[in-house]
Amino acid sequence: MHVYIEDIGRHEGAAVTIKGWLHNRRSSGKIHFLILRDGTGFIQAVMSKAAVGEEMFRAADHLGQETSVVVTGTARADTRAPGGYEIDVTALEVIGQSHDYPITPKEHGVDYLLDRRHLWLRSERQQAILRIRHEVIDAVRDFFNGRGFILTDAPIFTPAACEGTTTLFPVEYFEDQKAYLTQSGQLYVEATAMALGRVYSFGPTFRAEKSKTRRHLTEFWMVEPEMAYASLDDVMELAEDLVVSVVARVLDRRRRELATIERDTSKLESVQKPFPRITYDEAVKRLQDQGLPIHWGGDFGGPDETALSEQYDRPVMVSRYPAALKAFYMKPDPERPELALGVDVLAPEGYGEIIGGGERLADLDLLLARIEEHDLPQESFEWYLDLRRYGTVPHGGFGMGIERLVAWICKLEHVRETIPFPRMLYRLYP
Ligand code: 4AD
Ligand code: MG
């Protein structure tokens, strides 16, 4: 009977068939030790000459790494085995040969591996990271669905900028029309929030950022909730609940994967409510006290975010940035109009911003002035202005980048390992 390696414990003593690939092997004269993988786990299959006969034994002598094989045998509990079980092989069938597999157990450089990302994904560590990514996405969806948010996905071809004109990817549309790949679904979820109340979008977003940092991709996945009748405080509370809920879910269901990548889970256990809340003013003061060269009005760079987030054992929420640093749609603080009612959530352990959002500018005249100040083409935003013309309400939301979140949860060096096929400044292949 075909069983998946992760379910093998339910078949102890039974004859089972594993359909997978040869991950690794060693031999000692009369016994082959074959490490098999099938996507759900790894298991050692023990093949003795006595059990399979001379011919089949010899056929297994030269199997290369990643040969696809169907192996039948008896599942046996073994306390020394990593997954608790081994298989005593009675038959082995080769499905597809694999010679000179380019990724061996030895160390390879990251560029070499990225050029072979389509194969690198088969490694134990990359599989574990992608399983955690899957859990994160599933947890995010469950969180919003469980709270009555409606999924309303935003378009990917858009007529105008959302997050600033310098990071747009232009696309040729029909008959001399120019389109851009979306930087954020936000403007569209503001519209769907006015229809449905509480909504979210979840899709790919694009930034033509020529940044070569460990936090930047040119294509990344963002989840963007938006709520009608919501204030900055409501937005912050939602962000906090989301992050706590997702981390708890990964701890609950992905212990094995976290162990595979050697993640210190005690650091994740401390991700509990309440998250510290500080203002931009306070953040600047803290950074200056640490000797960093930031002045009021300056944007935080990677090193500033790292320094801030390292002071806490859980994410920190920084709010009320200078309006000049933020996008045109942010509501100004009524008490200090030079500030925007925006919030960034910075992850601990030096990971920096994982969430950005805030309360939106709901007033038509102020919004028109902002669009002009930012030199944006008003005609492309008429539909967005309509949201202020017909029954405007206070509202807000945020965007959370899945890759940044996964990089932190997995404590990875770089976001490039959090997505199956990363897109970066110098990386469009495979
Ligand atoms: O802070 P950002 O630019 O905010 C927005 O786009 C808002 N319109 C979202 C909203 O309010 N609905 O991006 C939000 C998040 C960041 O906090 C980060 O996690 C991620 O998106 N992000 C990136 N992730 C990977 N590579 C990049 N180049 C990213 N740029 C932003
Ligand atoms: Mg941001």
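Indexing begins at 1, ligand by ligand and atom by atom, following the structure's order. From a predicted model like this one, the values you see are computed outputs, not experimental measurements.
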Donor-acceptor pair, side chain of Y112 and main chain of P102, under 3.5 angstrom: yes
Can a donor-acceptor pair be found, under 3.5 Å and without considering hydrogens, that links the side chain of S98 to the backbone of Q65? yes
Any donor-acceptor pair under 3.5 Å linking the side chain of R360 with the backbone of G397? yes
For the pair R427 (side chain) and Y429 (backbone), establish whether a donor and an acceptor sit closer than 3.5 Å, ignoring hydrogens and angles. yes
Less than 4.0 Å from some atom of ligand 1, heavy atoms are found in residues E163, S184, Q186, R207, E209, R215, H216, L217, F220, M222, E224, Y329, E353, I354, I355, G356, G357, R360, G397, F398, G399, G401, R404
Give the total of protein N/O/S atoms at a distance below 2.8 Å from the Mg ion (ligand 2). 1
Over 60° means perpendicular and under 30° means parallel, so classify the ring planes of F42 and H23, tilted if in between. perpendicular
With Q183, the side chain to side chain contact (heavy atoms under 4.5 Å, CB included) member among L168, T158, T205, T165: L168
Under the side-chain contact (heavy atoms from CB on, under 4.5 Å) test, residues paired with H118 that sit two or more places apart: R116, F421, P430
Can any side-chain N or O of Y280 pair as donor or acceptor with the backbone N or O of G297 at less than 3.5 Å? yes
Any pair with a residue in residues 152-178 that passes salt bridge (charged side-chain N to carboxylate O under 4.0 Å, His left out), sequence neighbours left out, goes on the list, sorted by first then second residue, please. none
